[in-house]
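Here, residue 1 is the first one in the sequence, and each next residue gets the next number. Quantities reported herein were computed from a predicted structural model and do not represent experimental measurements.
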Amino acid sequence: MDEREKTAESAGVKTESVTEGAVEQKNAAQDTAGVSTDEAISEVNTAPGAAKKRKKTARQYAISFFIKIGVTALVVVLLLIFVVGIYVNHSNSGYPMIKDGDLCLTFRLASLHRGDPIVYERDGVTKFGRIVAEAGDIVDLGEEGLTVNGYGVYEDTVYPTTGEGAALQFPYTVPEDTVFVLNDYRSDVLDSRTYGGIPLKDTKGKIILLLRKRGI
């Protein structure tokens with residue numbers, strides 16, 4: 001074998017060696033890239049934001065439910081104490097507007113004025129009546145019927161107003177922080193004709209809703 005053949009054979013061996021080395025390096029690089037990609041995917045999957053939301057247990061649902069019930073009950077109680085009142089009439093004092101057995105809803109924060117139907121308390125008894133005069137007004141019950149400050153009062157009631165059986169002397173000046181209340185059933189004199197002015201602190205609000213019980 002001459003020198004040129006030996007040189008060519010040596011060059012071929014070197015070329016094959018270089019090619020094999022390049023292939024191996026390429027494969028190693030691909031393997032490394034694959035490992036890096038897998039690690040990146042693994043890190044993303046294990047990140048806090050990628051974690052699935054844990055489901056609530058039955059105990060947690062029960063606690064949440066009872067908290068909502070408690071908050072709702074508290075709101076209702078506060079409304080009944082400071083805003084509205086619910087009362088059932090067990091007398092004929094408000095007849096015919098309010099009948100025995102009727103349920104009345106009052107608004108405690110309302111400003112009270114003449115003509116307003118109200119609920120009030122006297123001697124531990126819940127009563128229903130209508131305001132006919134306010135503090136400072138002069139009420140008289142004489143031959144001309146009911147007058148306030150010298151003027152006759154028009155009322156949408158079916159019973160005449162008289163002073164018969166009243167414990168007060170008329171004319172009567174309504175004291176401060178009180179209102180003069182009469183029953184719509186005027187024959188029942190257990191109202192301001194007997195008690196005098198009803199203190200505002202004893203009123204339970206203006207009647208804003210009436211639910212009537214009907215027989216079936």
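- Counting heavy-atom neighbours within 6.0 Å of Tyr95 OH, excluding the residue itself, gives a total of 12 or less.
- Below 30°, between 30° and 60°, or above 60°: for Tyr159 and Tyr185 the angle between ring planes is above 60°, a perpendicular geometry.
- Residues Ile86 and Val77 share a single hydrophobic cluster, defined by chaining ILVMFWY side chains whose heavy atoms lie under 4.5 Å apart.
- Taking OG of Ser93 as the start and CG of Leu182 as the end, the distance is 11.5 Å to the nearest 0.5 Å.
- The hydrophobic clustering, which links ILVMFWY residues whose side-chain heavy atoms are closer than 4.5 Å, places Leu103 and Leu210 apart.
- Using a distance-only test at 3.5 Å, with no hydrogens or angles considered, a donor-acceptor pair links the side chain of Arg130 to the main chain of Gly115.
- One finds a salt bridge joining Asp137 and Arg114 here, because a Lys/Arg side-chain nitrogen approaches an Asp/Glu carboxylate oxygen to under 4.0 Å.
- Val148 has its side chain out of reach of Ile138: every pair of non-hydrogen atoms, C-beta onward, lies at least 4.5 Å apart.
- Distance check, rounded to the nearest 0.5 Å: OH of Tyr87 to CG of Leu105 gives 10.0 Å.
- A distance-only check finds a donor-acceptor pair linking the side chain of Arg193 to the backbone of Asp188 [under 3.5 Å].
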Test side chain to side chain contact (heavy atoms under 4.5 Å, CB included) applied to Val132 and Val153, step by step: CA-CA 8 Å; Val132 298; Val153 178; 5.5 Å; no
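- Each of Leu200 and Val174 belongs to its own hydrophobic cluster when Ile, Leu, Val, Met, Phe, Trp and Tyr are linked at side-chain heavy-atom distances under 4.5 angstrom.
- The hydrophobic cluster containing Leu78 also contains Leu109, counting ILVMFWY residues as joined when their side-chain heavy atoms lie under 4.5 angstrom apart, directly or transitively.
- Remark: Lys206 is not positioned above the aromatic ring of Phe107, lacking an NZ or CZ atom under 6.0 angstrom from the ring centre and at most 45 degrees off the axis.
- Looking at heavy atoms from C-beta onward, Val83 lies out of side-chain contact with Arg108 at the 4.5 angstrom threshold.
- Between the side chains of Asp102 and Asn89, no donor N or O sits under 3.5 Å from an acceptor N or O.
- Between the side chain of Thr147 and the main chain of Gly150, no donor-acceptor pair closer than 3.5 Å is present.
- For the pair Pro117/Met97, a side-chain contact is recorded, criterion being any heavy-atom separation below 4.5 Å from C-beta on.
- Considering CG of Leu141 and CD of Glu164, their distance stands at 11.5 Å, rounded to 0.5 Å.
- Thr72 contributes a side-chain N or O that, together with a main-chain N or O of Lys68, makes up a donor-acceptor pair within less than 3.5 Å.
- Of the possible polar contacts, one joining the Thr178 side chain to the Pro175 backbone as a donor-acceptor pair under 3.5 Å is found.
- The heavy-atom pair separating Lys56 from Gln60 by the smallest distance is CA-OE1, 3.2 Å.
- Between the side chain of Ser192 and the backbone N or O of Val181 there is at least one donor-acceptor pair closer than 3.5 Å.
- You'll find the side chain of Val119 reaches within 4.5 Å of the side chain of Ile207, heavy atoms only.
- Between Val139 and Thr173 there is no side-chain heavy-atom pair separated by less than 4.5 Å.
- How far CZ of Arg122 is from OG1 of Thr203: 13.0 Å, rounded to the nearest 0.5 Å.
- Remark: the backbone N or O of Val189 is paired with a side-chain donor or acceptor of Thr194 at under 3.5 angstrom.
- Thr106 contributes a side-chain N or O that, together with a main-chain N or O of Lys204, makes up a donor-acceptor pair within less than 3.5 Å.
- Hydrophobic clustering, with ILVMFWY side chains joined whenever heavy atoms are under 4.5 angstrom apart, groups Leu79 together with Leu74.
- For the pair Tyr195 and Lys127, the minimum side-chain heavy-atom distance is below 4.5 Å.
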Side chain to side chain contact (heavy atoms under 4.5 Å, CB included) between Asp191 and Tyr120, intermediate numbers included: CA-CA 10 Å; Asp191 49 25; Tyr120 65 99; 4.2 Å; yes
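- Between the CG atom in Asp140 and the OH atom in Tyr151 there is a gap of 14.5 Å [rounded to 0.5 Å].
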Worked check of side chain to side chain contact (heavy atoms under 4.5 Å, CB included) between Ile118 and Leu112: CA-CA 8 Å; Ile118 67 167; Leu112 301 180; 4.0 Å; yes
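- Taking the side chain as every heavy atom from C-beta outward, Asp184 and Phe128 never approach each other to under 4.5 Å.
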Worked check of side chain to side chain contact (heavy atoms under 4.5 Å, CB included) between Ile98 and Cys104: CA-CA 9 Å; Ile98 305 174; Cys104 299; 4.0 Å; yes
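- Atoms CG and OG1, from Leu146 and Thr162 in turn, are 10.5 Å apart once rounded to the nearest 0.5 Å.
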